[in-house]
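The first residue in the sequence is number 1, and the count goes up from there. This structure is a prediction, so every number in the text was calculated from the model and none was measured. Both backbone and side-chain heavy atoms feed into the values below; hydrogens, waters and symmetry mates do not.
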Amino acid sequence: MSGAQQGNSLCSWHKLSLLVSSLLFVYISSINSVPLDEQRDQGPETYSEYYNYDQLTVLLKSLAQKYANIANLTSIGRSVENRELWVMRITKEPTADVPGKPKFKYVGNMHGDETVSRQVLIYLLEYLLEKYGEEPRVTELVDSTDIYIMPSMNPDGFEKSKEGDCTGKDEGRNNAKNLDLNRSFPDQFEEIHVNAEDIPEGTAVMRWILQNKFVLSGNLHGGTVVASYPFDDSVAHDTEGTYSRSPDDALFRYLARVYAENNPVMKTGQPKCVENINETFEDGITNGAKWYDVAGGMQDFNYLKGGCLEITMELSCCKYPPSSQLKTEWDNNQEALLAFMEKVIHIGVRGFVRAARNDAPLADAVIMVAGINHNVSTSRFGDYYRLLLPGTYNITVLAPGYVWYIFMRKTVYNDLIFQGKSYGYTGVNKAADEEKDSRVTVQPQDFRHHHYNDMQLFLQKFSSDYSSITRLYSIGKSVQGRLLWVMEISDNPSVHELGEPEFKYIGNMHGNEVVGRELLLNLIEYLCRNYGTDPEITQLINSTRIHIMPSMNPDGYEVSQEGDISGVQGRNNTNNYDLNRNFPDRFNFVTDPRQPETLAVMNWAMSYPFVLSANLHGGSLVVNYPFDDNLDNVSGYSKSSDDDVFRMVALAYSQENSQMFDGHSCKEMDLYQEYFKDGITNGAAWYNVHGGMQDWNYVNSNCFEVTIELGCYKYPPAADLPKYWEKNRRSLLQFIHQVHRGVKGMVIDSKDGSGIPNATITVDTVNHPITSNTAGDYWRLLYIYIYNTVNYSHFLFHLFSYSSVSTFVNVPKEGAEIVNFTLTRIHSYTNGQTTEDTTPILDPSLKEFQSLIKQLSGESGLDKLIKDTHTQSSFRYRRYSEVSEFLRGLTLNFPEITSLQSLGQSVEFRTIWALEISNNPKVQEPSEPKIRFVAGIHGNAPVGTELLLEFAASLCINYGKNAAITRLINETRIVILPSINPDGRELAKEKDCTSTAGMTNVHGKDLDNDFFGNASQRAAEPQPETSAVMDLIQERGFTLSVALDGGSVLVTYPYDKPVQSVENADTLRYLATVYAKHHPIMHSGDTGCPNSQMGTIPNGVLRAAEWHSHMGSMKDFSVDFGHCPEITVYTSCCLFPPAAMLPTLWAENRKSLLSMLVEVHKGVRGVVKDKSGKPIVGAIIVLNGGVRVFTSEGGYFHALLAPGLHSIEAVADGYQQQSQKVSVSPFEAASSIIIEFDMENDIFGLPRELVVASAAAAMTALVVTACIIWCVCSAKSNRQKDGFHRLRQDQDDYDDEIRLMSVGSKKSLLSHEFQDESESDEDTLYTNKL
């Protein structure tokens, strides 16, 4: 072969090689171009790396392809940056919806930088897919449950996050629009303003939740280790510490514990995260809002809008831990993730709802559980799943378009799903004979006359049997000591729910008019037995707080006689007073003494925001409405401002009672031939009644009341009672419905969104204002009409008033129009001019504290605090040595918040201890209010000592654990004197209820007669115990003092001294009333003490001199010389009751003691300073022209005042007097004011400038004259000094000097020393020495 051929051959070979290589490259490239999810099987999981979005997508697609028989991958939407929101569905037949399988979901990585959740959900779905068919547990779970797993809800945020970032310092938490996805869902307590296009992730998830009827869900996060459950926020939106309870609270706690108990870190309750090393969670779980308030959270949306129970699991302290930690995190959470899923199929009830006619499934039928105000609904297959804890439940099923409501009673067992049968529903369109209302309503069976003991047992039985919807309570006692029982019926008893109106029925006011008493007992039975089964009853109880008092006059009933038609035996109370002539009257002064039954009802009516009421009587057949009397005291129509409303509600009752509506009330009885058109009448048009209850309700409260006469027979035979029930059943229900007529809503502060209490709502055509409730909600009954409604603040609160708001309201025929008012604060100045509020924004911490005070001042604020406060007590009486050891123990165990000081010693040298509790107990902090609690002034009444020791321990133990207690201690200086007569205590004996042994000190002196500020009033030196306490009181600086004593159940306020009245009586009475109203017995005014001569004490409060007047009392001294208001609380009838009574007495007084810690932060506070900003110490603050307080170090002052408008004057030497008006709210913390002094402008009645100029001129003239005299004297004097004397050589010169000096200043004359010519002994001695 030639060289050329060889070259060509070589070239061809190279071409062939190149071609083959090229083809091979193309082939390999074509292989590599196959989609990644189709090119390989996944190898074993290594648990050692995070998967980014692309890797996650590849993995999920691969798994879906590999396990197509049980897995289906879909996207529910896209993120802001267009990434898919992947969801893996794992179940048998994953592409089909089949009935009978509950839906479950897990969502992870909602916050992009909380990444553990993302990875453990990947591991979970891998585990479920790989173990299906191998492990029975997994196989059963997948076969029986429709499982949805979303590893990443925020893929954009994940891509921005950085591994190793434990605290979220880098970007990634929020979505690409920088919005927190867990603050972007619709919220029940706050309007969330977010554009849907800015949160496509949230929008997609919301749509997904609403389209699928998920039963149970978990939302996985990071940052600590705990399981959090709804609700996540509260109406108050307190930053932390407010337990926001859902209707399924117990179930949520159980579900959270299921997860926590299966996580080895979480179950300890001590995550020990570096950022918050001391944070603990009992059982590893927490209520969301109690931990911290989150508005717009996903778990609450799931529950409220999706019917799905969701828990939020925080999985790790570090949000984005190193990947080397992932295996540990999976090990910690694997069992918890599985156990939580299993609960969807193991607890509660499940079943199908189908039509009876054709067995067709009924979608969206509502499943209601009696006592739990949260419903679920059926899916399109008619199947339902209702998670419940073990127990027995009444369940109702309601289907739109169907009239058969089936009552079903189910017992749920632990770890067992009780399979419900299919429920048949008769369709509305069936034949007439099948159209009837098949609703099963249970009618009362117990028709008989109930005497007091029988009635009491009846009420106790129903309260016990239906405890989820009832609360039995007493509002006081009758003359003979019978309890005045009230049964509350509500879906959330003992709680006023925001926006829910309150209603009351009162029966048997006249003891011999008994039909109302029996009807109300029938009504209680009917409501309880049909709740959850009858839709009307269920809806009524769920939306109304109903209070029923069967008997207001139980004493009168007991002496009445069956068969009485028109008699009077038993009509009046035991004191023979007609209770319906015993209320304050608008036209006539009622001279009869107020009876205990009357006072109890008056206190009750003012304690609840009642909207509508009826008083049930007998003797005629008519509904009687206000007014009951008139100014002329003659029969005639006495029209109230709300006459149309009263006629409307009266007709609502009479129209349902055909015999009443007929108008011929007692036509079968010749004695009465009355006619009432439509069965209603104006009270005064019928006959005049002075002192009636219905008029008092209308005039003095927000409550509209009518009087219903139920029949002409006052005490009919028991055999007639079923007829009365049948005639009045619908009327009784229809009347309750009227409470939902008119207008209702909230009055809201525009500045902080809080409700405004005691705001006044007026209607342009109706001269009858009503006020908003404590939380700012209101209800205004109105007739069908278009009204102009105005809202304005009734009181000037927080130094502010509010601008009025006016709106037109169209009142509907049915239901209530919701109208919310948002008011703007305006300043109020003394000249009457107002400007909009320009108060600078409060420090967030101060604003938070003010919010806490407002919350604790609300109706159930202190109840919630007590419920959330840890207490573990072992009560017993302690002698002096044990008290001392106990106090020292507190200082040793809680040194950072306690300080123990000896004030002095008793006669027998026992120490008078004072314990201070505050966050800085050894430092004077004049800006904080200081409260004093004192007990043991009488040694034979040691209950107060034990209560204060328990109070101190409770505060210390809960410091740092309960947010509210912690904040109160941080903002208050609390001084506790548990025993100021320890010698007397040693002499007293337990169970001596009336003994005086130990009452005095060992000198026989009653210490409460030994506090005298003026020596002229004192016959002897003060006792050592008195002296020690007097020194403490005179330190001043105290804002409030509470003394505990024994021997009754009431509160007294100064003065103890007879005759003299105290200047700030309104404030002192108010403070005493606050304590009493939080006491379950005291506020009723019935002490219940044997041998009590006082009778009923209004509100449980008395001026001390009316109780036991005497001189030298501690509280009088505190007011006069300590400038501190003091009240005395008598805690028990028995001076030294058995130790077994102490837990009860603690329970009775605990709330009241806490209320004082709240109350001390109200009133008015501020600082006094001059123009330069220098604080003025010792300035006098004069309150309402009388009471004086003094500014302390830093110029601070604080004074408690009764709610309302007050005048304040500030006086300081050398400064102009300052004055202004301030307002005090009963619900809010004192706002701080600044009083700035100018220099006094007038001197001796002349302008300051004139006086200063004149003084300057006079001083100038004086100085010039002095200079002239000095010069003249210097020129003419020729003096010599020797020793202490000046000896003058020339008598003439001396005389000239005297003459000249007489022309000048006397001070100049006195400034010169001179020697008398006469010789003294001193002169002689001096001369001799020379």
Would you call Y653 and V622 a side-chain contact if the rule is heavy atoms closer than 4.5 Å?
-> no
Go through the steps for N573 and D555 under the test side-chain contact (heavy atoms from CB on, under 4.5 Å), then give the verdict.
-> CA-CA 6 Å; N573 76 344; D555 297 351; 5.6 Å; no
Got a salt bridge between K744 and E500, using NZ or NE/NH1/NH2 to carboxylate O under 4.0 Å?
-> no
Does any donor atom in the side chain of D564 or Y713 lie under 3.5 Å from an acceptor atom in the other side chain?
-> no
Centroid-centroid under 6.0 Å between Y698 and F646 rings | yes
Between Q694 and D628, is a side chain to side chain donor-acceptor pair (under 3.5 Å) present by the stated rule, with each step listed?
-> CA-CA 8 Å; Q694 68 177 12; D628 255 339; 3.2 Å; yes
Can W686 and E674 be counted as having a side-chain donor-acceptor contact under 3.5 angstrom?
-> yes
Just wondering, do D465 and K461 contact through their side chains at under 4.5 Å, heavy atoms?
-> yes
Between the side chain of T598 and the main-chain N/O of R594, is any donor-acceptor distance below 3.5 Å?
-> no
When rounded to the nearest 0.5 angstrom, what is the spacing between CE in M660 and CZ in F676?
-> 10.5 Å
Quick one: do the H737 and E536 side chains pair a donor with an acceptor below 3.5 Å?
-> yes
Can you find a side-chain donor-acceptor pair between H768 and D642 that sits under 3.5 Å?
-> no
Going by atom types only, do E513 and H617 share a side-chain donor-acceptor pair under 3.5 Å?
-> yes
Kindly say whether P769 contributes a backbone atom to a donor-acceptor pair with the side chain of T760 at under 3.5 angstrom?
-> no
Using the side chain to side chain donor-acceptor pair (under 3.5 Å) rule, take E705 and W696 through it: C-alpha gap first, then chi angles, then the decisive distance, then the call.
-> CA-CA 9 Å; E705 181 169 283; W696 180 86; over 6 Å; no
Considering all heavy atoms of both residues, which atom of V590 and which atom of G691 are nearest to each other, and what is their separation?
-> CG2-CA, 3.9 Å
Provide the closest heavy-atom pair for S560 versus G556 in the form atom of the first, atom of the second, distance.
-> OG-O, 2.9 Å
Closest contact, heavy atoms only, F447 versus N522 = CE2-OD1, 3.5 Å
For the side chain of T470 and the backbone of Y466, is there at least one donor-acceptor N/O pair under 3.5 Å apart?
-> yes
Contact check, side chains of Y715 and I565, non-hydrogen atoms, under 4.5 Å | no
Considering only heavy atoms from C-beta outward, does the side chain of Y637 approach that of D643 to under 4.5 Å?
-> yes
Where the side chain of S772 meets the backbone of A759, is there a donor-acceptor pair that is under 3.5 Å apart?
-> yes
Provide the closest heavy-atom pair for L579 versus M509 in the form atom of the first, atom of the second, distance.
-> O-CE, 3.3 Å
Would you confirm whether N582, through its side chain, and D578, through its main-chain N or O, come within 3.5 Å as a donor-acceptor pair?
-> no
Looking only at heavy atoms, what is the nearest atom pair of N508 and R517, with distance?
-> OD1-NH1, 2.9 Å
Atom CD in Q595, atom CE in M602: separation rounded to 0.5 Å?
-> 12.5 Å
Where do H740 and T544 land on the side chain to side chain donor-acceptor pair (under 3.5 Å) test, with the steps shown first?
-> CA-CA 9 Å; H740 295 283; T544 321; 2.8 Å; yes
Salt bridge R545-E502, side-chain N to carboxylate O under 4.0 Å = yes
Side chain of N728, backbone of L519: donor and acceptor closer than 3.5 Å?
-> no
Is it true that the side chains of H496 and D777 contain a donor and an acceptor less than 3.5 Å apart?
-> yes
Pair Y505 and F503, ring centroids less than 6.0 Å apart = yes
Are the side chain of S701 and the backbone N or O of C703 linked by a donor-acceptor pair below 3.5 Å?
-> yes
Can you tell if the side chain of T707 reaches within under 4.5 Å of the side chain of Y625, non-hydrogen atoms only?
-> no
For the atom pair CG (L710) and CG (N657), what is the distance rounded to the nearest 0.5 Å?
-> 8.5 Å
Decide if the gap between the ring center of W604 and the ring center of F610 is smaller than 6.0 angstrom.
-> yes
Side chains of Y557 and H510: is there a donor and an acceptor less than 3.5 Å apart?
-> no
Do N530 and T538 come close enough that some side-chain heavy atom pair is under 4.5 Å?
-> no
Is R586 salt-bridged to D695, cutoff N-O under 4.0 Å?
-> no
side-chain contact (heavy atoms from CB on, under 4.5 Å) evaluation trace for V649 with F704 = CA-CA 9 Å; V649 299; F704 289 55; over 6 Å; no
Could you tell me whether E518 and R448 make a salt bridge, using a distance below 4.0 angstrom between a side-chain N and a carboxylate O?
-> no
Grab the two heavy atoms, one from P716 and one from E562, that are nearest each other, plus how far apart they are.
-> O-CG, 3.9 Å
Let me see the working for K504 and M549 under side-chain contact (heavy atoms from CB on, under 4.5 Å), right down to the final yes or no.
-> CA-CA 8 Å; K504 63 181 165 76; M549 175 190 279; over 6 Å; no
Would you confirm whether D585, through its side chain, and H690, through its main-chain N or O, come within 3.5 Å as a donor-acceptor pair?
-> no
Between the side chains of K639 and N630, does any donor sit under 3.5 Å from an acceptor?
-> no
Under 3.5 Å donor-acceptor, Y452 side chain and L483 backbone | yes
Rounded to the nearest 0.5 Å, what's the gap from CG on N580 to CG on N615? Could you check?
-> 6.0 Å
Test item: E709 side-chain N/O and N624 main-chain N/O as donor-acceptor pair under 3.5 Å | no
Report the C-alpha separation of N702 and V611 in whole Å, then their side-chain angles, then the decisive distance to 0.1 Å, and conclude whether the side-chain contact (heavy atoms from CB on, under 4.5 Å) test is met.
-> CA-CA 6 Å; N702 289 339; V611 180; over 6 Å; no
Paired with L621, the side chain to side chain contact (heavy atoms under 4.5 Å, CB included) test is passed by just one of K727, H664, Q659, namely Q659
From N553 CG over to R482 CZ, what is the distance, rounded to the nearest 0.5 angstrom?
-> 10.0 Å
Please step through salt bridge (Lys or Arg N to Asp or Glu O under 4.0 Å) for the pair D644 and R647, ending with a clear verdict.
-> CA-CA 5 Å; D644 287 341; R647 289 178 55 82; 5.4 Å; no
Are any of the side-chain heavy atoms of M552 and L484 separated by less than 4.5 Å?
-> no
Let me see the working for N767 and S641 under side chain to side chain donor-acceptor pair (under 3.5 Å), right down to the final yes or no.
-> CA-CA 6 Å; N767 184 25; S641 298; 4.7 Å; no
Could you grab the distance from atom CD of Q480 to atom OG1 of T574, nearest 0.5 Å is fine?
-> 3.5 Å
